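Step one of this worksheet: look at the structure below.
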Amino acid sequence: MHEMALCQGVVDLIDEEAARQNFGRVKAVVLEIGVLGHVEPEAMLFCFDAVSRGTRVEGARLVIERVPGAGWCLDCGKTVPLTERFGACPDCGRHRVQMTAGDELKLRELEVE
């Protein structure tokens, strides 16, 4: 379950930021997770709870915002929605699409005390 390692990375990142900005407890964490990133939101919620125990993040609310897939079609010359990695362009049907969104995992926001 790679979500455990991802959550540990998020908690570590928050600890580093807490040292820089001198904040204490974390009340809420907002993550952006792309729908094409092979990350299960339910697993992230479970792992976040387990990994955050005993840290400044323990008890924080985890909010997961899903980012839809998108890509740049080299043939159409425009941004198109993607529902799968390496998917075809929904307009022209060709597979010359470079993914531009939907694969991210970003710590977007923290609510702290």
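Only heavy atoms go into these numbers, but all of them, side chains included; no hydrogens, no water, no symmetry mates. Sequential numbering from 1 along the given sequence is applied to the chain's residues. Everything quoted here is computed from the prediction, not taken from an experiment.
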Residues 106-113 side chain polar contacts: donor-acceptor under 3.5 Å, at least two apart:
unit_1	atom_1	unit_2	atom_2	d
Arg108	NH1	Glu65	OE1	2.3
Arg108	NH1	Glu65	OE2	3.4

Pairs touching residues 67-91 that satisfy salt bridge (Lys or Arg N to Asp or Glu O under 4.0 Å), sequence neighbours left out:
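Applying salt bridge (Lys or Arg N to Asp or Glu O under 4.0 Å) to every pair that reaches into residues 67-91, excluding sequence neighbours, yields Asp75-Arg96, Lys78-Asp91, Arg85-Asp103.
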
Each residue besides [X] in its hydrophobic cluster should be listed here, by chain and number; the cluster joins Ile, Leu, Val, Met, Phe, Trp and Tyr at side-chain heavy-atom distances under 4.5 Å.
{"X": "Trp72", "value": "Leu74"}
{"X": "Leu36", "value": "Val35, Val80, Leu82, Val97, Met99"}
{"X": "Val63", "value": "Val30"}

How many angstroms lie between [atom1] in [X] and [atom2] in [Y], if you round to the nearest 0.5 Å?
{"X": "Met4", "Y": "Gln8", "atom1": "CE", "atom2": "CD", "result": "9.0 Å"}
{"X": "Met44", "Y": "Leu31", "atom1": "CE", "atom2": "CG", "result": "5.5 Å"}
{"X": "Glu40", "Y": "Cys47", "atom1": "CD", "atom2": "SG", "result": "11.0 Å"}
{"X": "Glu104", "Y": "Ile33", "atom1": "CD", "atom2": "CD1", "result": "10.0 Å"}

Heavy-atom distance under 4.5 Å between the side chains of Cys73 and Cys92, does that happen here?
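They are in contact (side-chain heavy atoms under 4.5 Å apart), so the answer is yes.
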
Listed by chain and number, what are the side chain to side chain contact (heavy atoms under 4.5 Å, CB included) partners of Pro41, not counting sequence neighbours?
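Once residues adjacent in sequence are excluded, the partners of Pro41 under the side chain to side chain contact (heavy atoms under 4.5 Å, CB included) criterion are Ile64, Arg66.
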
What heavy-atom pair brings Ala88 and Gly93 nearest, and what distance separates the two atoms?
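Nearest heavy atoms, Ala88 then Gly93: CB-O, 3.5 Å.
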
Which pairs pass side-chain hydrogen bond (donor to acceptor under 3.5 Å, both in side chains) with one or both residues in residues 42-54, sequence neighbours excluded?
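Listed once each, the pairs are Asp49-Arg53.
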
Could you walk me through whether Leu105 and Glu32 pass side-chain contact (heavy atoms from CB on, under 4.5 Å), step by step?
CA-CA 6 Å; Leu105 171 61; Glu32 290 181 353; over 6 Å; no

When you look at Phe48 and Val29, which way does the side-chain contact (heavy atoms from CB on, under 4.5 Å) test go after all the steps?
CA-CA 10 Å; Phe48 184 79; Val29 177; 3.9 Å; yes

Identify whether Val39 and Leu62 are in the same connected component of the hydrophobic contact network (ILVMFWY, side-chain heavy atoms under 4.5 Å).
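Yes; tracing contacts between hydrophobic side chains, which count when under 4.5 Å, links both residues.
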
Can you give the donor-acceptor pairs under 3.5 Å from side chains of residues 18-27 to other protein atoms, not counting sequence neighbours?
unit_1	atom_1	unit_2	atom_2	d
Arg20	NE	Glu17	OE1	3.2
Arg20	NH2	Glu17	OE1	3.0
Gln21	NE2	Glu17	OE2	2.4
Arg25	NH1	Thr55	O	3.2
Arg25	NH2	Glu58	O	2.8

